[in-house]
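Structure first, then comments.
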Amino acid sequence: MVKRLSCVLLLLLTPPLPLAAASVQTTLATAPIAERHYRQAAWSFYLQQPAQALETLQLASQHDARTRLLEAGLYLQLSMPQHAIALIDTVLSDTAASPGALPQALKNVALLQFARYQLEQGDKAQARAYLQQVQITADHAWLGQQLLLEQLINWPDITLPSAPEFERLSQQPEMPYIISNQALVLAQTDQSDVALDWLAQLQQQVRTSEGQGFWQLLFSGQWRLLTEPEGFIYPDEEREALSDYVSLTQAQLHIQRQEFAAADAILSNFAADSVLNRNALQLYSHILTEQRHVPSLLAVLQQQIRLQPFSHTAWLAATRIGEQLERVLQVDDALGAYRWADQYYLQQAQQMQQQARPVEVSQLQQGLSGWQELQINNDSQLFHLQQAILSVQQHLTAAAQRQQRLTQLQDVTNLKLAQQQQLLSTRLPQLHQQRDALQQQFSQLQQQITAAEQQPMSVSLWHGQPYQQLQRLSRAEQRLALLKQQQQPLNNYPQRLERLRGLLQWQYSNSEAERHWQRQKQLRQTADVLAQLEQQMAALARQGNKTERLQQVQLRLGQLSNNQQQLNLALLSKQQQLLAELNQQLQQRLQQQLARLNDLQRHNKESMARVMERVLLQSGTNKNGASL
């Protein structure tokens with residue numbers, strides 16, 4: 001239950017996700033641009049890639065309260081609490097009237113999650129500050145989480161109601177833990193009778209009632225239970241664990257009241273496969289010791305040795321076997337038990353030293369030895385160190401992918417920059433030359449056309465068959481002029497040439513508008529070609545302005561690559577530091593446990609020597625009696 005809220009903030013922030021990547025791409029294509037980064041981040045989180053999700057959010061051009069809250073949750077999941085706290089404080093500072101403010105229910109989830117994180121770090125003041133900002137909504141969502149956190153933060157000074165609040169907490173999965181904690185406080189204040197009564201009522205609430213069939217519920221008037229079950233429905237495994245926990249608490253209270261028979265009735269029927277079996281065995285051994293039930297006690301002590309290796313409980317049980325046999329005057333069996341315990345202690349010390357070798361990162365990922373795993377699971381500080389090392393390793397694993405993407409971006413930027421420089425150095429001068437030559441030809445053509453249009457009938461403005469006829473007429477007029485100089489008879493050739501020129505002049509005048517339109521059309525086409533050249537040159541000029549931007553991107557990518565390498569070195573250094581701290585604490589625990597084991601072994605040897613002396617005395621007495 002302590003970790004029930006883990007990642008719930010991220011899950012609530014995540015919109016319903018499609019079932020396939022193709023659906024994701026379709027959704028992103030139709031979504032607004034402001035939503036795309038958020039949905040991509042949600043999809044990465046769904047694929048259990050928090051680092052990729054965080055990177056996607058950081059690339060977003062706009063950040064609203066929901067995006068910042070998701071980013072804060074990702075930072076917390078990646079073991080970067082300082083960044084997460086800075087973001088969550090800005091999000092929670094928004095009032096309900098602020099544009100884009102989060103709903104109170106979502107704020108409550110964030111506050112509860114960060115309060116729990118601060119509590120796990122040992123900062124109760126900061127956890128209390130976050131918890132005080134929670135405002136439970138009318139539907140009482142997350143009420144159980146709030147009350148349970150209040151108990152954990154303020155323990156043992158918790159609020160005690162006049163009666164168990166079963167109805168108020170019926171839909172809260174934390175209800176058994178809240179009421180059992182209240183019962184423990186009642187027992188500490190000399191109200192064990194009330195505490196046992198509350199626990200008995202709680203046992204009935206958690207226990208599964210006998211189910212009724214469909215028709216029984218329908219005709220008994222309880223048909224609403226078909227769709228609305230009473231109370232929170234626990235999974236079978238959790239319900240069994242809750243029932244065992246309540247029973248174990250009842251047994252503990254009975255032991256405090258010296259009611260060993262009542263505690264024995266509970267613990268003797270305790271489930272052997274329960275997750276709390278070790279705690280039950282410890283209480284049961286205490287009861288059997290008080291009641292002097294040696295055979296049953298020996299069986300319980302043997303179970304503790306078998307189920308709890310590398311624990312003080314098992315080591316103490318090993319020497320207690322001999323003590324109990326010695327108490328019932330079975331000195332030979334007691335001596336054998338002490339000798340076995342001595343060998344057991346030597347074996348445990350050897351196994352601990354073998355399994356307590358320095359831990360590597362690969363071991364944390366693949367699996368630790370039995371002794372190392374037991375130490376880490378039983379100590380919160382060691383557990384947090386392990387999680388921090390694994391988180392750093394996750395960052396290092398993702399760093400290789402980030403470095404690869406940076407390298408690809410650098411290659412693309414270098415290629416674009418090379419293409420840009422090649423275009424500016426070769427293509428742009430060629431376009432300049434083509435434009436200048438075409439402009440010169442265009443100006444000359446305009447001048448020629450203007451000069452030809454001023455003449456009455458310029459040859460340059462003719463084309464096709466009329467152009468050929470005009471050339472023949474010009475040649476005929478030249479020969480006629482030569483004949484006039486030679487004073488040869490001309491007959492009627494001058495009149496015929498005059499009529500022919502008049503006819504051509506009429507044709508020229510008749511087609512002048514069409515020829516003028518054709519000339520303007522050709523000029524416009526040439527102007528269009530010039531305009532296209534100008535556009536290409538302007539585009540290249542604009543690309544020339546992008547050269548500086550590409551160079552800045554190239555420089556930025558180089559800086560990012562260097563920063564990434566420095567970050568990798570810093571992460572490696574941090575990981576080695578955390579790993580060294582973990583190994584140091586494991587070695588300290590090893591030395592402490594070895595010292596404790598040596599003390600027990602010394603005590604066991606003293607007991608063994610005492611029993612051996614009694615055995616020798618008893619054998620000597622028997623021999624003397626036999627000689628008499």
With sequence neighbours left out, write down each residue that passes side-chain contact (heavy atoms from CB on, under 4.5 Å) with [X], or none if nothing qualifies.
{"X": "Q363", "answer": "V359, E360, L368, Q372"}
{"X": "N378", "answer": "L374"}
{"X": "I136", "answer": "V134, H140, L143, Q146"}
{"X": "A141", "answer": "T137, D139"}

Indicate yes or no: at least one non-hydrogen side-chain atom of [X] is less than 4.5 angstrom from one of [Y].
{"X": "E120", "Y": "H384", "answer": "yes"}
{"X": "N181", "Y": "L148", "answer": "yes"}
{"X": "E150", "Y": "T159", "answer": "no"}
{"X": "Q343", "Y": "Q347", "answer": "no"}

Return the [atom1] to [atom2] distance between [X] and [Y], rounded to the nearest 0.5 Å.
{"X": "S180", "Y": "M175", "atom1": "OG", "atom2": "CE", "value": "10.0 Å"}
{"X": "L364", "Y": "I389", "atom1": "CG", "atom2": "CD1", "value": "5.5 Å"}
{"X": "K124", "Y": "N154", "atom1": "NZ", "atom2": "CG", "value": "8.0 Å"}
{"X": "Q601", "Y": "L346", "atom1": "CD", "atom2": "CG", "value": "4.5 Å"}
{"X": "F114", "Y": "L87", "atom1": "CZ", "atom2": "CG", "value": "8.0 Å"}
{"X": "Q126", "Y": "Y130", "atom1": "CD", "atom2": "OH", "value": "5.0 Å"}

Residues in ring-ring contact (aromatic ring centres under 6.0 Å, His included) contact with [X], at least two apart in sequence or another chain:
{"X": "Y245", "result": "none"}
{"X": "Y344", "result": "W340"}
{"X": "W155", "result": "none"}

R339/D342 under side chain to side chain contact (heavy atoms under 4.5 Å, CB included): CA gap, chis, key distance, verdict: CA-CA 5 Å; R339 286 174 175 172; D342 188 65; 5.6 Å; no
Side chain to side chain contact (heavy atoms under 4.5 Å, CB included) evaluation trace for L131 with L111: CA-CA 6 Å; L131 191 61; L111 287 167; over 6 Å; no
Quick check: closest heavy atoms across [X] and [Y], and the distance to 0.1 Å?
{"X": "S285", "Y": "Q304", "answer": "OG-NE2, 3.8 Å"}
{"X": "L149", "Y": "A115", "answer": "CD1-CB, 4.3 Å"}
{"X": "L152", "Y": "L119", "answer": "CB-CD2, 3.5 Å"}
{"X": "A84", "Y": "A72", "answer": "CB-O, 3.3 Å"}

Evaluation steps, side chain to side chain contact (heavy atoms under 4.5 Å, CB included), between Q145 and R116: CA-CA 10 Å; Q145 281 287 338; R116 183 174 297 279; 2.8 Å; yes
Donor-acceptor side-chain pairing of Q587 and N583 below 3.5 angstrom: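 Judged by distance alone, the side chains do not pair up.
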Donor-acceptor under 3.5 Å (Q355 side chain, G370 main chain):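 Yes; judged by distance alone, with no hydrogens or angles, the pair exists.
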S247 side chain to S243 backbone, donor-acceptor under 3.5 Å: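 Such a contact is found between S247 side chain and S243 backbone.
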With a cut-off of 3.5 Å and sequence neighbours excluded, list every side-chain donor-acceptor pair involving residues 306-321.
residue: S311; atom: OG; partner: Q308; partner atom: O; Å: 2.6
residue: S311; atom: OG; partner: A314; partner atom: N; Å: 3.3
residue: W315; atom: NE1; partner: Q348; partner atom: OE1; Å: 3.0
residue: T319; atom: OG1; partner: N604; partner atom: OD1; Å: 3.3
residue: R320; atom: NH2; partner: T289; partner atom: OG1; Å: 2.4

Kindly write out the residues that satisfy salt bridge (charged side-chain N to carboxylate O under 4.0 Å, His left out) with [X], not counting sequence neighbours, or none if the list is empty.
{"X": "D244", "result": "none"}
{"X": "K574", "result": "none"}
{"X": "R357", "result": "none"}

Residue Q282 excluded, over 12 heavy atoms near CD under 6.0 Å: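 Not more than 12 within 6.0 Å, no.
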Check: residues 589-597 side-chain donor-acceptor pairs under 3.5 Å, at least two apart:
residue: R589; atom: NE; partner: Q375; partner atom: OE1; Å: 3.1
residue: R589; atom: NH1; partner: D379; partner atom: OD2; Å: 3.4
residue: R589; atom: NH2; partner: Q375; partner atom: OE1; Å: 3.3
residue: Q593; atom: OE1; partner: W371; partner atom: NE1; Å: 2.9
residue: Q593; atom: NE2; partner: Q375; partner atom: OE1; Å: 2.7

Evaluation steps, side chain to side chain contact (heavy atoms under 4.5 Å, CB included), between Q182 and I179: CA-CA 5 Å; Q182 293 170 350; I179 295 179; 4.2 Å; yes
